[in-house]
2 protein chains.
Amino acid sequence: MAANSRLTVATHALAWLALAHRRGHEVLTSEQVAASVKSNAVIIRRSLGDLRRAGLVEVRHGAGAGWRLARAPEEITLLQVHDAVDARPPFALHHSEPNLECPVGRGIRPALSGVYGRVEGAMRRELAGATVADVLRETLTS
Amino acid sequence: MAANSRLTVATHALAWLALAHRRGHEVLTSEQVAASVKSNAVIIRRSLGDLRRAGLVEVRHGAGAGWRLARAPEEITLLQVHDAVDARPPFALHHSEPNLECPVGRGIRPALSGVYGRVEGAMRRELAGATVADVLRETLTS
DNA sequence: CCTCGCTGCAACAGTTTCTGTTACACCCTG
DNA sequence: CAGGGTGTAACAGAAACTGTTGCAGCGAGG
């Protein structure tokens with residue numbers, strides 16, 4: 001159960017907010033979003049809270065409270081969503097520092113950091129090329 | 001401690017095998033590799049076992065046992081290493097199936113799979129562009 | 001002003017994954 | 001055939017994520 005579904009949950013929530021708004025619902029509550037994702041309302045609030053801190057959604061308190069997008073779905077990329085909810089890199093270096101008396105142990109960390117940085121850059125470029133509007137459009141055609 | 005350092009450990013082991021071979025050591029034992037990585041010999045045997053099943057290293061049993069590369073370090077890409085030791089994708093879909101009565105819940109999984117597949121493809125292309133020889137060269141220049 | 005619905009957040013349990021450790025059977029070179 | 005090293009299973013500990021409960025706080029509307 002430990003695999004990262006945060007980007008999935010957050011994107012699902014955003015797409016649902018976008019569709020509901022288009023259908024005339026001003027806001028959705030975390031319960032309503034949780035019903036579509038089939039998850040817990042607290043999980044959804046945690047995720048939407050991250051998105052709020054990143055400026056991607058807005059929240060309304062009091063009676064008639066709920067969430068809505070803070071900007072058009074065409075202007076929210078999955079990279080922004082990823083950075084908002086999950087900042088963990090795909091690869092980690094050594095847990096304990098390698099043996100510095102070995103030439104490989106001494107120099108391998110910067111060498112691997114370079115490779116990992118390029119991999120992460122490629123990943124980010126791909127995520128930046130997809131928006132919530134793209135996902136929603138593809139979602140509705142299937 | 002749960003972050004994935006498997007690709008790091010395996011690449012470190014391969015680079016060390018390559019350098020030791022160049023220096024005249026026919027094979028290295030898992031203890032010798034563990035001394036450079038500063039990890040446990042069993043961890044190294046697990047990692048090298050994965051690489052052996054992928055055909056990237058060879059093992060010799062009996063007295064004078066140990067490990068060596070099965071091919072030139074220029075012909076081992078980090079993508080092969082990654083596939084040998086760690087087949088887990090960076091993003092997961094929903095843990096429990098979303099609500100199929102919601103239009104978003106119904107269609108979002110294939111939509112996200114498409115995006116995630118493109119991201120993974122970009123990652124794999126980048127990993128395929130770096131070899132153990134590249135990493136070793138960069139390691140020794142720092 | 002007060003009520004009520006929803007958010008915000010802390011605390012905790014359960015699951016999974018990964019590293020590390022011990023133990024032991026097995027293999028094969030010398 | 002002896003001994004060093006591999007192969008593998010079993011288990012402990014740490015970390016991350018999801019899920020759950022509980023409760024304080026906010027504010028729109030009566």
Side-chain angles (χ1 to χ4, degrees), chain A residues 1-10 12-13 17 25-35 37-54 57-68 70 82 85-98, chain B residues 1-10 12-13 17 25-35 37-54 57-68 70 82 85-98:
Chain A
M1 190 194 288
N4 263 27
S5 62
R6 289 193 185 182
L7 180 58
T8 295
V9 170
H12 185 147
L17 285 182
H25 295 80
E26 193 60 34
V27 299
L28 289 182
T29 69
S30 58
E31 283 287 355
Q32 291 172 309
V33 175
V37 180
K38 248 196 205 162
S39 175
N40 192 283
V42 176
I43 300 290
I44 299 299
R45 285 206 288 269
R46 280 211 273 257
S47 184
L48 287 174
D50 289 336
L51 297 174
R52 176 177 54 79
R53 278 181 281 278
V57 299
E58 291 171 352
V59 65
R60 232 174 51 189
H61 284 263
W67 306 82
R68 68 170 165 198
H82 173 265
V85 301
D86 184 357
R88 305 201 357 162
F91 305 121
L93 292 181
H94 306 70
H95 288 176
S96 53
E97 177 175 81
Chain B
M1 189 193 285
N4 269 31
S5 63
R6 288 192 184 183
L7 180 58
T8 295
V9 169
H12 185 147
L17 285 181
H25 295 79
E26 192 60 33
V27 297
L28 289 182
T29 69
S30 59
E31 284 286 354
Q32 292 172 309
V33 175
V37 180
K38 248 196 203 157
S39 175
N40 191 283
V42 175
I43 301 290
I44 300 299
R45 286 206 287 270
R46 282 210 272 253
S47 183
L48 287 174
D50 289 336
L51 298 174
R52 176 176 56 77
R53 278 181 280 277
V57 299
E58 291 170 354
V59 63
R60 232 176 50 190
H61 282 264
W67 305 81
R68 68 171 167 197
H82 173 265
V85 300
D86 185 357
R88 305 201 353 165
F91 305 120
L93 292 181
H94 306 69
H95 288 176
S96 53
E97 178 175 81

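Naming convention: chains lettered A, B, ... in sequence-line order (proteins, then strands); numbering from 1 in each chain.
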B/R53: partners by side-chain contact (heavy atoms from CB on, under 4.5 Å), with sequence neighbours left out: B/D50
Gap between atoms CG and P, on A/D86 and D/dC17 respectively (whole Å): 6 Å
Whole-Å distance separating the CD1 atom of B/I44 from the C1' atom of C/dT22: 17 Å
side-chain contact (heavy atoms from CB on, under 4.5 Å) against A/A10, all qualifying residues, sequence neighbours excluded: A/S47, A/L51, A/V81, A/V85
side-chain N/O A/S30 vs C/dT7 OP1/OP2, d < 4.0 Å: yes
Residues forming a side-chain contact (heavy atoms from CB on, under 4.5 Å) with A/R46, sequence neighbours excluded: A/V42, A/I43
Minimum-distance nucleotide (side-chain atoms of A/T29 versus C/dG20, C/dC6, C/dT17): C/dC6
Phosphate-side-chain proximity, B/S39 and C/dG20, N/O vs OP1/OP2 below 4.0 Å: yes
DNA chain C: 5'-proximal contact among B/K38 and B/R88 (nearest heavy atom): B/R88
Reported NE2-to-NE2 distance for the pair A/H12 and B/H94, which is rounded to 0.5 angstrom: 5.0 Å
Residues in side chain to side chain donor-acceptor pair (under 3.5 Å) contact with A/N40, at least two apart in sequence or another chain: none
side-chain N/O A/N4 vs D/dA16 OP1/OP2, d < 4.0 Å: no
Euclidean distance, atom CZ of residue A/F91 to atom P of C/dC18 [Å, nearest integer]: 13 Å
Partners meeting side-chain contact (heavy atoms from CB on, under 4.5 Å) with B/R68 (sequence neighbours left out): B/E26, B/V27, B/E58
Identify the pairs formed between an N or O of the protein and an N or O of nucleotides 7-12 of chain D at a distance under 3.5 Å, and give each distance.
{"unit_1": "D/dG7", "atom_1": "OP1", "unit_2": "B/R52", "atom_2": "NE", "d": "3.4"}
{"unit_1": "D/dG7", "atom_1": "N7", "unit_2": "B/R45", "atom_2": "NE", "d": "3.1"}
{"unit_1": "D/dG7", "atom_1": "O6", "unit_2": "B/R45", "atom_2": "NH2", "d": "3.3"}

Touch class at under 4.0 angstrom, heavy-atom based, for B/A65 against every strand present: sugar-phosphate
Atom-pair distance (CZ on B/R60; C1' on D/dG5), nearest Å: 12 Å
Value rounded to 0.5 Å, distance of CZ in B/R88 from CG in A/N4: 8.5 Å
Candidates C/dT29, D/dC17, C/dT21 - which lies nearest the side chain of B/I43: C/dT21
Shortest side-chain distance from B/S96, nucleotide among D/dC17, D/dG5, D/dG19: D/dG19
Short side-chain N/O contact to C/dC18 OP1/OP2 from B/R6, under 4.0 Å: yes
side-chain contact (heavy atoms from CB on, under 4.5 Å) assessment of A/L28 paired with A/V33: CA-CA 7 Å; A/L28 289 182; A/V33 175; 4.2 Å; yes
First encountered from the 5' end of DNA chain D, between A/G62 and B/L28: B/L28
Separation of C/dG8 C1' from A/D50 CG (nearest whole Å): 12 Å
Nucleotide D/dT18, atom C1' - distance to CG of A/L7 in whole Å: 16 Å
Nearest-Å distance for atom pair CD/C1', residues B/E58 and C/dC28: 16 Å
Rounded distance in Å - CG (B/N40) to P (C/dC18): 17 Å
